[in-house]
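These notes are about the structure you will find just below.
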Amino acid sequence: MTSLQLSARVAALQPSATLAMVARVKELQADGVEVLDLTAGEPDFGPPACAEAAAKEAIDANLGRYTAAAGLADLREAAADLATETTGLEWSSSQLLVTTGAKLGICQALMALVEEGDEVLFPVPCWTSYPEMVQLAGGVPVPVQCGENHLPKVDDLAAAASSRAKVLLINTPCNPTGAVYPRELLEEIGAWALEKRVALISDEIYAAMTYGGAKHVSPIAVLPELREQAVWVGGMSKAFAMTGWRMGFLGGPAPIISKIGALQSQLASSPPAISQHASIAALRGGAEDCLRMREAFEKRCVLVSDALSEMPGVECPRPQGAFYAFPGFGSFLGKTDSETGRPIHSGDDLAELLLEADRIALIGGSAFGKPDAVRISFATSEDVLKKALGRLAARLQKLS
Ligand code: PMP
Ligand code: GLU
């Protein structure tokens with residue numbers, strides 16, 4: 001028994017459901033159990049070779065030391081170019097901060113913008129970490145339910161917001177749904193945010209991954225005044241397959257970015273040095289690797305959504321971006337699995353059944369704010385996906 005007392009802030013915190021499931025799969029695999037792993041939002045590819053080479057050179061040159069707190073000047077410049085490419089707006093390095101992963105970047109942005117008790121709105125289904133991050137920053141999470149198409153309505157945002165609404169957190173392409181926000185919707189959202197003086201945090205970490213002709217539109221670029229009250233989020237984890245290198249970026253008005261840099265100097269000293277050198281190389285020379293990975297994801301996206309659309313009772317709008325499908329299993333709730341006798345009351349129950357009975361690992365929808373769904377990550381091989389989808393279809397037929 002410890003006599004240490006946790007702060008209320010941390011006592012209330014939930015661990016990341018995605019990472020918890022990833023860890024569970026790794027444990028099973030370590031015990032020799034074969035699991036078809038559709039959990040992780042983590043590309044199954046390696047980083048661009050030029051990034052690995054640059055990292056090795058940086059180690060040999062003894063560059064693994066603290067850097068400027070805001071990140072290396074060359075990387076801020078390369079990140080500004082990435083932001084320009086992603087948003088279509090001009091950025092300079094004084095408007096860019098290198099962070100220790102986009103995750104910590106979003107936390108820092110929230111800490112910088114949110115006063116105790118301010119509301120932070122976000123469309124749901126959403127990435128599992130958003131509500132917890134908002135609470136850590138002292139904010140009040142305000143989830144706004146999306147429609148069947150996995151997009152929010154501006155009227156619903158307006159209805160959910162009180163006079164304390166401070167920030168709207170938008171993620172396009174979206175984890176977990178794969179939805180890509182169309183320009184017209186973003187214009188409506190932007191006009192509302194401008195009118196209500198609600199700041200935008202625009203999580204565009206999956207911007208390079210869109211499929212089926214869908215085009216990424218940056219939420220902060222649709223109306224000219226918006227960027228003055230917006231923070232852009234990008235990173236190396238997804239498009240460059242560099243998850244463990246922990247490299248993210250924040251872009252915004254220079255005075256705000258400078259202050260978030262001051263916060264970062266107290267929290268992290270500097271982002272990891274070797275990863276920064278690798279990221280410069282990847283941003284300057286890794287474009288072809290990104291395209292190759294995007295093409296593979298597009299093929300998998302078609303494979304997964306075609307297979308799901310052939311399963312009676314499964315609802316799944318075709319993902320247009322990121323690397324997730326988010327099928328709804330509402331019509332199966334209340335049924336029982338004839339083989340194991342297990343009842344299915346939620347997507348989480350289905351995920352448990354699939355793990356125990358079929359050795360397919362995916363993530364129940366409650367972690368993303370939609371309990372009748374499950375998230376399928378297609379950042380894995382076509383072979384694994386085909387096997388898993390076959391087993392899923394067979395399992396659904398045993399539910400009655
Ligand atoms: N935003 C979204 C929507 C994500 O899915 C992730 C995945 N981890 C992140 C941000 C953070 O990425 P990272 O911290 O690895 O840069
Ligand atoms: N974003 C990824 C996911 O949703 C990685 C894990 C995490 O940070 O949540 O699976």
Side-chain angles (χ1 to χ4, degrees), residues 13-26 37-44 47 71 75 79 82 86 97-110 122-134 150 169-181 201-210 216 219 231-251 264 267-268 271-272 275-276 278-279 282-283 297 319 321-326 351 361-370 373-380:
L13 186 74
Q14 294 300 315
S16 162
T18 45
L19 294 177
M21 192 62 168
V22 171
R24 200 167 148 201
V25 171
K26 291 217 164 94
D37 184 4
L38 314 185
T39 57
E42 174 165 54
D44 53 328
L75 182 53
L82 175 70
T86 307
L97 181 74
V98 182
T99 62
T100 306
K103 192 178 235 173
L104 203 53
I106 297 170
C107 288
Q108 291 176 177
L110 287 166
F122 46 85
V124 168
C126 69
W127 181 33
T128 191
S129 290
Y130 286 164
E132 302 295 331
M133 290 168 157
V134 170
H150 292 150
L169 189 41
I170 290 212
N171 174 218
T172 180
C174 175
N175 174 6
T177 63
V180 170
Y181 284 53
I201 297 181
S202 182
D203 183 348
E204 300 177 38
I205 194 157
Y206 295 100
M209 289 158 204
T210 56
H216 172 71
V231 173
W232 173 82
V233 180
M236 304 302 291
S237 284
K238 312 295 171 169
F240 292 88
M242 291 175 67
T243 46
W245 300 70
R246 312 307 304 128
M247 281 280 98
F249 308 118
L250 292 181
Q264 176 160 294
L267 287 177
S275 299
Q276 292 190 67
S279 300
L283 286 167
F297 288 133
F323 33 60
Y324 309 104
F326 198 59
L362 24 74
I363 300 190
S366 63
F368 310 99
K370 193 163 189 295
V374 305
R375 188 187 78 173
I376 294 176
S377 164
F378 51 82
T380 186

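In what follows, every heavy atom counts, from backbone to side chain, and hydrogens, waters and symmetry copies are set aside. Counting convention: from 1, in listed order, for ligands and their atoms alike.
Where the criterion is an N or O separation shorter than 3.5 Å, residue side chain and backbone included, Trp127 meets it with respect to ligand 2. Residue-to-ligand polar distances place Gly41 within reach of ligand 2: an N/O pair is separated by less than 3.5 Å.
Using modelled atom types, no side-chain atom of Thr177 and backbone atom of Phe326 make a donor-acceptor pair closer than 3.5 Å. Of the possible donor and acceptor atoms, none in the side chain of Thr99 sits under 3.5 Å from a partner among the backbone N and O of Leu104. One N or O on the side chain of Arg375 and one on the backbone of Thr39 form a donor-acceptor pair closer than 3.5 Å. In this structure, the side chain of Gln264 engages the main chain of Val98 through a donor-acceptor pair within 3.5 Å.
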N/O to N/O under 3.5 Å, ligand 1 against protein:
residue, atom, partner, partner atom, Å
ligand 1, 1 (N), Asp203, OD2, 2.6
ligand 1, 5 (O), Asn175, ND2, 2.7
ligand 1, 5 (O), Tyr206, OH, 2.7
ligand 1, 8 (N), Lys238, NZ, 3.4
ligand 1, 14 (O), Ala102, N, 3.3
ligand 1, 14 (O), Lys103, N, 2.9
ligand 1, 14 (O), Arg246, NH2, 2.8
ligand 1, 15 (O), Ser237, OG, 2.6
ligand 1, 15 (O), Arg246, NH1, 2.8
ligand 1, 16 (O), Ala102, N, 2.7
ligand 1, 16 (O), Ser237, OG, 3.3

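The CD1 atom of Ile170 sits 10.5 Å away from the CG atom of Asp203 when rounded to the nearest 0.5 Å.
Only the side chain of Asn175 comes within 4.0 Å of ligand 2, counting heavy atoms alone; its backbone N, CA, C and O stay farther away. The side chain of Arg375, and not its backbone, has at least one atom closer than 4.0 Å to an atom of ligand 2 (non-hydrogen atoms only; side chain from C-beta on). With a heavy-atom cut-off of 4.0 Å, Val22 does not touch ligand 2 at all. The side chain of Tyr324, and not its backbone, has at least one atom closer than 4.0 Å to an atom of ligand 2 (non-hydrogen atoms only; side chain from C-beta on). Here Glu42 has no heavy atoms under 4.0 Å from ligand 2, in either its backbone or its side chain.
Listed by first then second residue, pairs satisfying side chain to side chain donor-acceptor pair (under 3.5 Å) with a partner in residues 13-24 read Ser16-Thr18, Arg24-Glu352, not counting sequence neighbours. Residue pairs meeting the side chain to side chain donor-acceptor pair (under 3.5 Å) criterion with at least one member in residues 237-246, sequence neighbours excluded, are Glu42-Thr243, Tyr206-Lys238.
Scanning the protein for heavy atoms near atom 8 (O) of ligand 2, the closest one is Lys103 NZ, 3.0 Å. Of the protein's heavy atoms, Thr18 OG1, 2.6 Å lies nearest to atom 9 (O) of ligand 2.
Side-chain contact between Leu250 and Val233: present, with at least one pair of heavy atoms (C-beta onward) separated by less than 4.5 Å.
For Lys370, the salt bridge (Lys or Arg N to Asp or Glu O under 4.0 Å) partners two or more places apart in sequence, or in a different chain, are Asp372.
Residue contact annotation: Lys238 has a non-hydrogen atom under 4.0 Å from ligand 2.
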Side chain to side chain contact (heavy atoms under 4.5 Å, CB included) between Leu97 and Gln108, intermediate numbers included: CA-CA 11 Å; Leu97 181 74; Gln108 291 176 177; 4.2 Å; yes
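Here the closest non-hydrogen pair linking Val124 and Gly369 is CG1-O, 3.4 Å.
Each of the following atoms of ligand 2 lies closer than 4.0 Å to a heavy atom of Ser16: 9 (O).
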